[in-house]
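All heavy atoms count here, side chains included; hydrogens, waters and symmetry mates do not.
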Amino acid sequence: MSASDPADPAAGRAGADAGDRVLSVPAMGLVVLVGVSGSGKSTFARRNFLPTQVVSSDVCRGLVSDDENDQSATGDAFALLHHIVATRLRRGLLTVVDATNVQQRARAELVRIAKKHDVLATAIVLDPPEAVPHERNAARTDRDIGSHVLHRQRRELKRGLDRLGEEGFHRVHVLGDPAELASAKVEVERARSDKRDLTGPFDIIGDVHGCRAELEELLSGLGYALARDDEGRAVGAHHPQGRTAVFVGDLVDRGPDSPGVLRLVMGMVEAGDALCVCGNHEDKLVRALEGRKVRVRHGLAETLEQIGAEPEGFRDRVLAFCGGLLSHYLLDEGRLVVAHAGLKEEYHGRTSGRVRSFALYGETTGETDEFGLPVRYPWAREYRGSAAVVYGHVPTPEPEWINNTVCLDTGCVFGGRLTALRYPERELTAVPAQRTYYEPARPFRAAADDSGARADRGAAVIGVGDVLPEGPVGYVETGFGRVAVPRDNALAALEAMSRFAVDPRWMLYLPPTMAPAPAAADPGALERPEEAFSLYLDQGTARVVCQEKHAGTRAIAVVCRDSAAGDRRFVPGGDGAVFTRTGRPLFPDTPVEAEVLAELRAGITAAGLWERFGTDWIAFDGEMLPWSAETGAGAGAGPEGPLRGRHAPVGGAGPRYAPFVVLAAEGREFSGEDHVWHTGVSRRLAERCPTVVPTRYRTVDTADPEATAAAVAWWHDLVSAGGEGIVVKPADGPRATGPRGPVQPGLKVRGPEHLRTVYGPDHLMPERLATVRDRDVRRKGRMALNEHKLGLEALSRHAAGEPFWRVHQPVFGILALESESADPRL
């Protein structure tokens with residue numbers, strides 16, 4: 001027990017009838033039923049567990065031989081049983097083994113599997129009077145188990161019964177009396193570290209190390225009201241808005257007042273105002289207070305002296321408090337993990353000595369640095385979990401998010417700062433140390449630079465496993481459900497991304513493909529606005545926006561205020577990027593891209609958008625328009641419509657940009673804003689930036705015949721004047737939804753002349769038009785909607801500050817879906 005987190009002896013008692021025997025088993029763990037044949041194990045399992053939770057040796061024997069009584073298949077049966085048990089435990093599922101398990105070697109293998117997966121094993125022994133199994137087996141017609149077999153099983157059971165605890169079982173429950181066996185209740189208990197029901201908000205505080213004055217200042221700054229005793233000492237702190245403080249451990253050692261810190265934190269925890277996990281310094285303090293042999297260094301001697309000067313009883317209170325601290329907490333429905341030295345995803349919510357050791361001490365490479373200290377293994381760079389992991393242990397001058405993890409130890413005791421993270425806001429706040437209390441063995445900044453807690457951009461590198469499904473189909477979870485990404489498509493996307501794409505760190509978003517409107521009701525036409533209006537109205541969207549369709553190339557523009565912004569948020573040394581809807585650079589000619597970005601940057605500055613959005617970068621979705629080829633500037637990119645050679649000058653010597661959606665800025669994404677808002681921002685930018693072209697639009701009530709007729713007339717005017725057509729979008733903006741979920745982000749309605757260039761000059765001939773009208777636009781619509789879901793998910797993850805690989809998953813999914821074969825003319 002001492003090697004893992006302490007158990008709660010009171011847990012699991014609620015819910016049983018008075019007088020019933022309550023058997024507590026862990027929610028994530030292994031239950032081994034032990035008993036001779038006929039002792040009632042299968043009946044007990046059916047009564048107390050779900051059928052899917054029970055792995056039966058008899059069933060496994062039948063699976064490998066078609067005969068549950070075929071003893072020659074026992075070896076294969078148990079190989080299958082052990083595989084199923086290991087798979088379920090790896091997935092964190094409660095697993096019950098229904099077999100005799102009277103032999104020590106059989107139990108040892110199951111305990112080994114449980115330890116391998118860092119879960120607790122519980123033994124439930126069914127040991128009724130000897131006559132009961134004999135009577136039951138005599139009445140069975142499906143098998144004949146001789147009395148000598150039952151005698152041997154019972155002898156083996158009795159031989160090992162007193163040693164089950166030594167075999168590695170966390171708990172042992174023995175049921176002997178038949179009445180007790182029949183009435184016993186199983187209670188599934190969550191691990192003490194499982195506090196997923198606590199959703200915060202939290203204030204997570206880094207390593208304090210005896211810096212009481214700084215802790216009081218930090219808590220006060222966070223809004224906590226300190227409570228003091230008659231001697232003026234802080235003995236608690238409560239937040240009026242119900243926030244909970246969470247301490248990452250290492251409350252003691254090195255600093256001037258470890259007892260004062262303990263007194264304050266213990267009071268907060270006892271009052272329910274705080275949680276605290278164990279740090280390596282608390283772990284060592286407990287061993288010292290218990291009289292065990294420890295090396296008294298790194299400030300422990302001073303802490304022991306300070307505690308010794310406290311009133312009688314304080315030492316015992318500290319020992320009880322620190323001895324009961326857990327290795328980690330799982331909070332906020334599993335979205336947050338707090339552990340002193342961090343925790344790999346496969347250890348979240350699990351209990352073992354290995355998990356506790358990692359949470360308290362971290363992992364090392366086995367090497368030592370020039371100061372003789374162990375080199376920490378940079379686990380955070382490989383972290384891929386969805387839960388945010390907040391930790392301390394290794395000091396860093398500046399806390400920085402790496403792959404959804406952040407270290408809050410900013411070296412207060414070394415003259416740095418005491419830092420807190422407000423969660424879920426993800427806001428950092430800190431107070432400076434009043435002085436340097438302790439000189440570290442390794443210089444403060446060197447310690448941080450070598451720890452892996454600093455964000456070199458290697459932490460942003462993704463692996464193939466982040467985007468390539470293991471099976472034939474992978475899935476990306478979005479706010480609108482799962483989107484399937486076939487492996488074959490992902491392989492094609494991987495090829496395109498690795499060979500042609502811009503640095504993927506710029507790609508916070510890729511736009512979806514755009515489906516055309518359904519075939520026109522007019523038998524002599526292919527696309528008309530009326531069908532787009534009807535489709536949206538059928539989906540519950542009454543208000544739409546009709547925007548003119550520009551003759552250009554779809555382009556995402558990420559514009560940074562300066563290179564410092566690019567270095568901080570995207571790519572070191574970069575100040576922006578312009579790329580196509582398949583991620584390729586729009587301007588292979590770098591000077592042209594730099595000029596376009598400079599003009600957009602100047603326009604954003606003149607329009608006051610940096611200040612308006614509180615950001616130093618902005619991303620747009622729009623259309624890059626072609627310009628006169630006589631300027632010699634013609635640039636292009638890839639198969640989606642290069643600008644090179646297209647003669648459609650728009651009044652300037654260089655490319656012009658028509659942004660129609662403001663995608664994101666620092667900490668924000670704007671998919672929830674309606675299209676009128678987005679167009680307003682673009683118009684303001686166009687007024688101050690000659691490179692920007694405003695997009696003309698009409699807002700239409702699709703249920704109003706006069707409004708739709710006016711929109712149709714406008715479309716006629718546009719296409720008659722040589723325009724490509726319009727794009728119809730839900731007026732509520734990119735995140736618009738209907739009764740069945742998200743609606744199409746846009747439907748293009750092209751004019752007859754433009755369709756001539758797409759389908760050929762003969763496409764309106766009756767025999768040809770009938771074939772063209774039979775297009776599979778619904779398939780293109782499904783593709784567009786799935787890509788749209790992925791794009792919104794990417795924006796949400798980016799705005800939330802999630803790690804690069806998490807943002808890139810849905811972006812990569814869009815590119816993968818684009819490799820699906822589809823008629824390019826749609």
(message) Quick one, V97 with L81, criterion side chain to side chain contact (heavy atoms under 4.5 Å, CB included). Give me CA distance, side-chain angles, the key distance, then yes/no.
(response) CA-CA 8 Å; V97 176; L81 181 145; 4.1 Å; yes
(request) Please lay out, stage by stage, how K789 and E793 fare under the test salt bridge (Lys or Arg N to Asp or Glu O under 4.0 Å). (result) CA-CA 6 Å; K789 294 175 183 178; E793 180 65 19; over 6 Å; no
(message) Let's go through R190 and D197 carefully: what are the C-alpha distance in whole Å and the side-chain angles of both, what is the deciding distance for salt bridge (Lys or Arg N to Asp or Glu O under 4.0 Å) to 0.1 Å, and is it a yes or a no?
(response) CA-CA 11 Å; R190 294 189 306 175; D197 55 310; 3.2 Å; yes
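Here the side chains of H328 and Y391 are not in contact, with every heavy-atom distance at 4.5 Å or above. Looking at heavy atoms from C-beta onward, V558 lies in side-chain contact with F579 at the 4.5 angstrom threshold. Contact annotation: the side chain of L790 never approaches that of V811 to less than 4.5 Å [non-hydrogen atoms, C-beta and beyond]. The side-chain heavy atoms of L535 and L747, taken from C-beta on, include a pair separated by under 4.5 Å.
Each of R356, R350, R354, K344 was compared with D118 under the salt bridge (Lys or Arg N to Asp or Glu O under 4.0 Å) criterion, and only R354 meets it.
Ion pair R750/E527 flagged as a salt bridge, since at least one NZ, NE, NH1 or NH2 atom sits closer than 4.0 Å to an Asp/Glu carboxylate oxygen. At a threshold of 4.0 Å, the pair E666-R569 counts as salt-bridged, since one of the basic side-chain nitrogens sits closer than that to a carboxylate oxygen. A salt bridge is absent between D70 and R61; no separation between the charged side-chain nitrogens and carboxylate oxygens falls under 4.0 Å. Ion pair R581/D621 not flagged as a salt bridge, since none of the NZ, NE, NH1 or NH2 atoms sits closer than 4.0 Å to an Asp/Glu carboxylate oxygen.
In this structure H808 satisfies the ring pair (Phe, Tyr, Trp, His ring centres under 6.0 Å) test together with F804, sequence neighbours excluded.
Relative ring orientation between Y383 and W379 is described as perpendicular, the plane-to-plane angle rising above 60° on a 0-90° scale split at 30° and 60°.
Put simply, the side chain of T737 never gets that close to the backbone of G741: no donor and acceptor are under 3.5 Å apart.
Checked by atom type, the side-chain pair T199/D332 shows no donor-acceptor distance below 3.5 Å. Side-chain N/O atoms of Y329 and D194 include no donor and acceptor closer than 3.5 Å. Side chain to side chain, R735 and S671 meet the donor-acceptor criterion of an N or O pair below 3.5 Å.
Figure legend: cation-pi geometry between R505 and F570 absent, as NZ or CZ is not positioned both under 6.0 Å from the six-membered ring centre and within 45° of its axis. Geometrically, K729 engages F660 in a cation-pi contact, judged by NZ or CZ lying under 6.0 Å from the ring centre and within 45° of the ring axis.
Outside the 6.0 Å centre-distance limit, the rings of W805 and H798 are not counted as a close aromatic pair.
Rounded to the nearest 0.5 angstrom, R554 CZ and L510 CG are separated by 10.0 Å. In this structure, CD1 in I84 is found 12.5 Å from CG in L93, a value given to the nearest 0.5 Å. Rounding to the nearest 0.5 Å gives a distance of 10.5 Å between CG of L336 and CG of L198. The structure places CG of N69 at 7.0 Å from CG of D58, a figure rounded to the nearest 0.5 Å.
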